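Here's the structure we're looking at; comments come further down.
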Amino acid sequence: MRKLLFILCAILSVSANAQLAVRGTVVDQTGEPVIGATVLVEGTTNGTVTDFDGNFELNTEAGATIVVSYVGYKPQTLKAAATMNVMLAEDSEMLEDVVVIGYGAAKKNDLTGSVTAFKPDDKNHGQVTSAQDMIQGKIAGVNVNTSSGEPGGGAQIRIRGGASLNASNDPLIVIDGMPMDASGTSGTNNPLSLVNPNDIESFTVLKDASATAIYGSRGSNGVIIITTKKGSKNQAPKVSYNGSFSVSTISKKLDVMSADEYRDYIKTTYGENSAAYRGLGDASTDWQKEIYRAGLSHDHNVSVAGGVSNEVVSMPYRVSLGYTDQQGILKGSDYRRATGGFSFSPSFLNEHLTFNINAKYAWSHTNGGGQGAIDAAFSMDPTRPVKSDDPAFENWGGYWQWVQPTTVYDPTFPYERNGEGTSNPVELIAHNPYDKSAHVLIGNIEIDYKIHGLEDLRLHANIAGDYNMGGDYTHKSPYSSYGYYYGGDGESKTKQYSLLATAYAQYYKDFNDNHHFDIMAGYEYSKTHWEGNSWSKDYYPKSNLGTDDEGNPLAGTVHNESTYHWRGQTILVSWFGRANYTLMNRYMLTATVRADGSSRFAKGHRWGVFPSAAFAWRITDEPWMQNVKEISDLKLRLGWGQTGQQDTGKEYYTPIYQTTTQLDRLYPIGPGNDGTLYRPMVYNEDLTWETTSTWNLGIDFGMFQQRLTLNIDMYKRNTTNLLCTPTIPAGMNYDNAMLLNAGELENMGIEVALVGRPVQTKDWYLELGINGAYNHNVVKELYGGRDMIEAGMTVGMQKNVTYHKVGQPANSFWVYQQVYDENGRPVQGLYVDRNGDIDDNDRYFYKSIAATWTGGGYFKLSYKNWDLGMNLRFSVGNYVYNNIVQSRMNSATLYNPSKGTYSNNMKEVIALGWTSYEYPLTDYLVQNASFLKCDNITLGYNFDKLFKNDKYHGIDGRIYLACSNVFTITKYKGIDPEQPGGMEGSIYPRSRTYMIGLNLNF
Amino acid sequence: MKNIVSQKSKVESRKPLSLLSFSVTVFILLAAGGLNSCMYDLDNGNIDPNVTTTANPTALYSKCYACLILEGMDGASDFKTDDAGKSTFLRNLFNANELSTDEAICWWTDGGLGDYGINRPTPSSDAIRYLYYRMIINVSYCNHYLELPEAQDDKTKLAEVRLIRAYLYYQLLDLFGNPPFITAISNEMPRQAHTFNSKYDANKSYSRAELMALGREYLFGWIESELKTAEADLMEAEPRTDTDVNYGRVDKAAAWLLLSRLYLNAGTYLNDDGQNNPYWREALDYAEQVINSPYRLFDESLQDSESKMWDFTPYDMLFCGNNGSNGASVEAVFPLLQDGKVTRAWGGTMFFIAAMWNSDMLTAYGMYAGTSSIGWAGMRARPQLAEKFTTTPANFVGKSAEDNRLMLEVNAATRDDRAIFWGEGHTLSCIPNDGQGFFHGLAVPKWSNQYTTDATPHDAGEVDTDFFLLRAAEAYLNAAEAALHQGDAAKAKTYVDAVRKRAHAAVRDSYTLDDVLDERSREFYFECLRRPDLIRNNKFGGLNVSYGWEGKGGNESYTGAPFDKYLNVYPIPSTEMMANTNLIQNDGYTEIEK
């Protein structure tokens, strides 16, 4: 079939008016034949592709120019000759050559804004389940932190730290022209996880406002444009396989007491004759060991890419299928995903009319594993067995539990769980009743038409849609902690669709060699609609003896049920335009403007206009620089722009009432009243966008033919009308907090990216890269003349611990200064007194959750067929509130005499000897969480021409070994310093993963 | 040759030109068409089916009642909290008015409960914050209803909501002295009560104590007038059972009882001295209006035979699962509804059972709590509460509640149905309050979800027990106290005797003011009345107050230690002080440095 297609292509490409028969071979720098390279007579559709040995034949007129090109190589343009031996050089800048930007593409050389294009590294990587794994640590100023180690889990992505206080700081993610809704859908953790990373061709990260302002009201937090892979013109079908197999293990457990240590502790604390000591169990269980495992995962991807073409139509295509099955390290947790996608890019009318049709589908299924089990394993008494024959535990399937006798159920349920004791973690896993799954379909049709006779004018339309459907499912057994006695089933399903219609026209004009001009104007409509419903129901078991008020038996009837239905939509209508002017190919000016109308705001506050302007100067192209051979690139960029943020979740401006939906929390009072309640909701008619103005100054610098490159960007960013939900005065409106435009925030920073390729020989290749970003933010002003507002993190019993205060970084901790004893232990309740007694005025501002320095580094080394790579990532100056310790701070309650239960604790906390939870606002718990992480080390071996014979060119490919999450260097005392929210609770721990992978190209 | 070329190019260019114009036309049409429909789309508004822009006066009226006992909508809090159950009005009222007194203590170390227990309330206390926000948000719901055009036709309901709002302001006056005062919904920053007092001059400077006095005086007058205005339109006083559709609605008796309570405490609010009160007469008159109404004490004569067979006393039946239907509601001037099927709440009567029970306890009539939700085990009695029933409270230790009742019943002089103490496994002393649990101090299984018939509660976990926010018994003891101040000891004796007889307690020849205060403790302990009762009798804050209790002022001795009088009023929460720049912190408390 493959061969047949190839022959077909060859025949189609034979031209009738041949005058010269050209024969040739195309090889790469190492002398290897290039298969499937395009050989084209310039200015015609007359062309062919090279065969398996790099050979081609072509008939053309004498004196014609022949262009030979192949993806990843610099194209060669040559005069036609009877025999042509062409060597293609690899083009390290190939990807960067043309960069996808908002509503168009631009030559990298012509960019005026801070734009980083990034192609996933297919060699130097660890376990990649989601697109977010590919950009982690790679781009200066782009910070990716996974939220936990849960399979299929989400991540927090921040570009330059985000511009908002409490509104979303998530960047806008655009997949093939379709902006993705960040809120996602139930049934999945993260919209990004539903794009198969193997299908991603490139990322473009727009960082500064001059680049993102074209996205207007959604551009404030930066934009990540993902472009998926496409086939190439005139390419023989190419079948590839990527697969991997991996084992994940727990990287760090919590240091709680072992059974023996626990017995000793109880004996020492309460005495050998105490009820506490006598009540201990005689088992020795390491509960953390019981719930974790080595998780096995495998991942397979197959793709076919190619292109057919003739005089009428050219049709590149790519079809891919993928399957991932990932086991979590928590028993019972797993993630499975199947993806399929295709892309066709037919072009007609001599490339005047181009279509680009993409569709991607993904199905995923996530089983969280009893996640309460992680917390329970920290706290469960280690002297209890996992299972027991005692009849008291019969109703939990024999799993040991804290139980107490009960008479309220029925004779077959003589015991209930003692709610104050920890649930058996293993039982929580065994009876885990939750799973979720989702289907996502994303598709778009792009039409691009170059007007015949007026080729300078291009019309472009994109119709895109995204449909997803997901659900969370619950099946609780009556014989489990989750659904004891009544059991219960439930579902929560959502459906969401987004529609996008974009149309723009672009006009290019070169007045002469010195003046290039292009202008683009367009219109966009986008709508997101979501709806969902959930229900839950549980039942009286058949053995129940109760009766209702009328004396009817309750056995088998519904005990509780509830249903809930929701629906919402947001609409955005936009006009936008861009103008570029280039003078003498080295002075470049860009201006953009976008006007957005959003359904989230009231009339009069609905439309926002977002302008930008940028200037770039390509210094290397100055005549006086031509003699400086060492410097291969030097460009200065200056930009300014305004962007917005409109993520309020929903309309917030209308006075509305919330209505009761549950039938068990009604208040029927007076005649004709079913008890439905209405609650007036807080609203803000004056709500409007947050606006961010950014100045950016950038320098791109390259030396020694780009073997050393340096990019520096400096920025200052002011956000006004910050969307925030601070506490408002009681009695105002209808709540104690309200979403409002609450102030002004300033961010300043610098980003540096340095890449060096010191060794580049036939056998050896070494590349080193390092990037770092410094960001400083400070709250400039708050609404209503206020000095500080709560930032949202609460600890203990809803005590606010982070605040936004004028003059301080956002999300700063406002805490008491802990006093320590001579052994360096924090003394319970003893704070540094600043004013004669301990009150709010003794609190002080101490650090913030945001890192001041973030970045990453890597090296890639290859020798002949071998390659070795490593990625590092660092974060400096981020502080984390250690809530794992706080939630166990009272270590005096390990034995609870009033409930007869025991719990375990961390040795570190026991050593502190605190007896209260009342002091969560101590700065002892605000801990330096700076870290250096090694995300992966990868060793690969490349092979080619496997099984080569006369008829078959053989298989090439690569086999590699990788370790992910290799090590972490930190002073932080909790489990993992990487906490995007600035607080560490009991999360699913990130695993260490060992992987073997295989890539094959047939 | 030239011509030919130009002709050729003309011919070739015709087709592309038409294509161009066609494309441009389509493009413009698409854009324009899209534009039209899209601009309209921006007005579509909220399509969430769980919200509506149309007011439903009945549902908004119900909300004004519900927010006294439910946490919010569908089990979620009405305002931002960490735990919906902690946002409920009743639970917060219990914490503020019981944990700070000689009646109750809680060992839970979270959220300011400990601060209440040692009389060191601070502006940053979580518990005080919840109490404050709960009451003010409830006021907002009432304000909204009272302004609602659709609600104006039903004068009775308006009067009821007006009474609920006055009750909330009464509690704000009692607990916070000089809170912000809001009677209409607005986005203006609320002002404190003192600014509404006609005596207040914004240009003069006042001490914080003076501002407190101005604020209290204003609120006192406003509440008095509101209750009187509401009274006119309220339903006639008429006790009901829960099968009556109007059960749960307030009638004139509620206005009378609240007026009586307001006047009884007028000394506290007007003179910062509970005994210096010009309103004893009014306190007596309004209490007697309740006493002479169809509401009455639920006593043995009203008890059915089935409940007697199960050894329920009339007092027990006020706090049982079926108290809305077993006859006890003859005393319920303002019952708050609870039902295991229809009206569930985390912080209503559920709290009064769950927080006070442990799984091995039984009631004084020998039964389980009647609900599986009993695991919280937090609140216990201080020994001074047990002392109100016996001179030898240590005898309660080691005995079940049933045995303790039997022990007292042996002697007619000591018998009192209201002594409901569980002592098995417990000590009398409630100290140390060290987080070691529930067993320091006697437990109080006063509320239960048991039915006094052989019917079963509506749910094994959720409770059916209504909460009697206002009981007719209060009118009797208000009247007795006011009568003593009026010099009418005989009248006082009649009313105290009535309350004691209902509890099968022996009557005495005469009663002093201290006797009446103790009687109030016996009758109403754990019912959220204790703090104002002690303040009125000058037995709460004040460094010269001799009355003490174990743990008072954070002193672990049996009679504790006195604390400053400014602590009679709670501080305005610091979150509120930061949010509302109009406010001035209550006298004595640290102002946050802004």
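Because the structure is a prediction, the values reported are computed rather than measured. Residue numbering restarts at 1 for every chain, and letters A, B, ... go by the order of the sequence lines.
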Residue part contacting chain B, namely of [X], when any heavy atom lies under 4.5 Å:
X	value
A:Tyr485	neither
A:Leu666	both
A:Pro726	neither
A:Asn733	both
A:Glu416	side chain
A:Thr794	neither
A:Arg786	side chain
A:Asn418	neither
A:Glu524	neither
A:Ser562	neither
A:Ala501	neither
A:Pro671	both
A:Tyr803	side chain

Would you check if [X] and [Y] make a side-chain contact, meaning some heavy-atom pair closer than 4.5 Å?
X	Y	answer
A:Thr727	B:Tyr133	yes
B:Thr52	A:Thr659	yes
A:Thr547	B:Thr456	yes
B:Arg344	A:Gln662	no
B:Ser62	A:Thr676	no

- Query: Quick one: do A:Asp664 and B:Lys341 make a salt bridge, cutoff under 4.0 Å?
  - Reply: no
Looking only at side chains, do [X] and [Y] share a donor and an acceptor under 3.5 Å apart?
X	Y	answer
B:Thr575	A:Asn800	no
A:Tyr564	B:Asn50	yes
B:Asp459	A:His559	yes

About how many Å separate [atom2] of [Y] and [atom1] of [X], when rounded to the nearest 0.5 Å?
X	Y	atom1	atom2	value
B:Asn580	A:Met732	CG	CE	8.5 Å
B:Asp48	A:Trp566	CG	CH2	10.0 Å
B:Tyr61	A:Leu677	OH	CG	12.5 Å
A:Asp840	B:Ser124	CG	OG	4.5 Å
A:Ile669	B:Tyr247	CD1	OH	10.0 Å
B:Leu337	A:Tyr667	CG	OH	3.5 Å

- Residues, nucleotides or ligands: over 12 heavy atoms within 6.0 Å of B:Tyr368 OH: no
- Neighbour count >12 (heavy atoms, 6.0 Å) for atom CH2, B:Trp346: no
Heavy-atom pair count under 4.5 Å with chain A, highest-scoring of [options]:
options	value
B:Val139, B:Asn358, B:Ile185	B:Ile185
B:Asp74, B:Asn56, B:Ile182, B:Val245	B:Asp74
B:Thr371, B:Asp339, B:Asn246	B:Asn246
B:Tyr132, B:Trp376, B:Phe181, B:Phe79	B:Phe79
B:Ala66, B:Ala460, B:Ser140	B:Ala66

- Sorted by chain and number, sequence neighbours left out, side chain to side chain contact (heavy atoms under 4.5 Å, CB included) with A:Arg567 holds for A:His529, A:Glu531, A:His565, B:Ile47, B:Pro49
- Any sub-3.5 Å donor-acceptor pair from A:Arg679's side-chain atoms to B:Asp78's backbone N or O? yes
- Query: Going through the distances and angles, do B:His458 and A:Asp549 end up as a side-chain contact (heavy atoms from CB on, under 4.5 Å)?
  - Reply: CA-CA 8 Å; B:His458 292 168; A:Asp549 285 354; 2.8 Å; yes
- Toward chain A, the part of B:Ala455 with a non-hydrogen atom under 4.5 Å: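 Neither part.
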- Query: Of the backbone (N, CA, C, O) and the side chain (C-beta and beyond), which part of B:Leu68 lies under 4.5 Å from a heavy atom of chain A, both, or neither?
  - Reply: neither
- Parallel, tilted or perpendicular: which describes the rings of A:Tyr734 and B:His144, with under 30° parallel and over 60° perpendicular?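 The arrangement is perpendicular - the two ring planes meet at more than 60°.
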- Query: If every non-hydrogen atom of A:Pro729 is compared with every non-hydrogen atom of B:Pro190, which pair is closest and at what distance?
  - Reply: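 The answer is CB-CD, 3.8 Å.
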- Task: Test A:Thr654 against B:Thr53 for side-chain contact (heavy atoms from CB on, under 4.5 Å), laying out the working first.
- Result: CA-CA 8 Å; A:Thr654 349; B:Thr53 50; 4.2 Å; yes
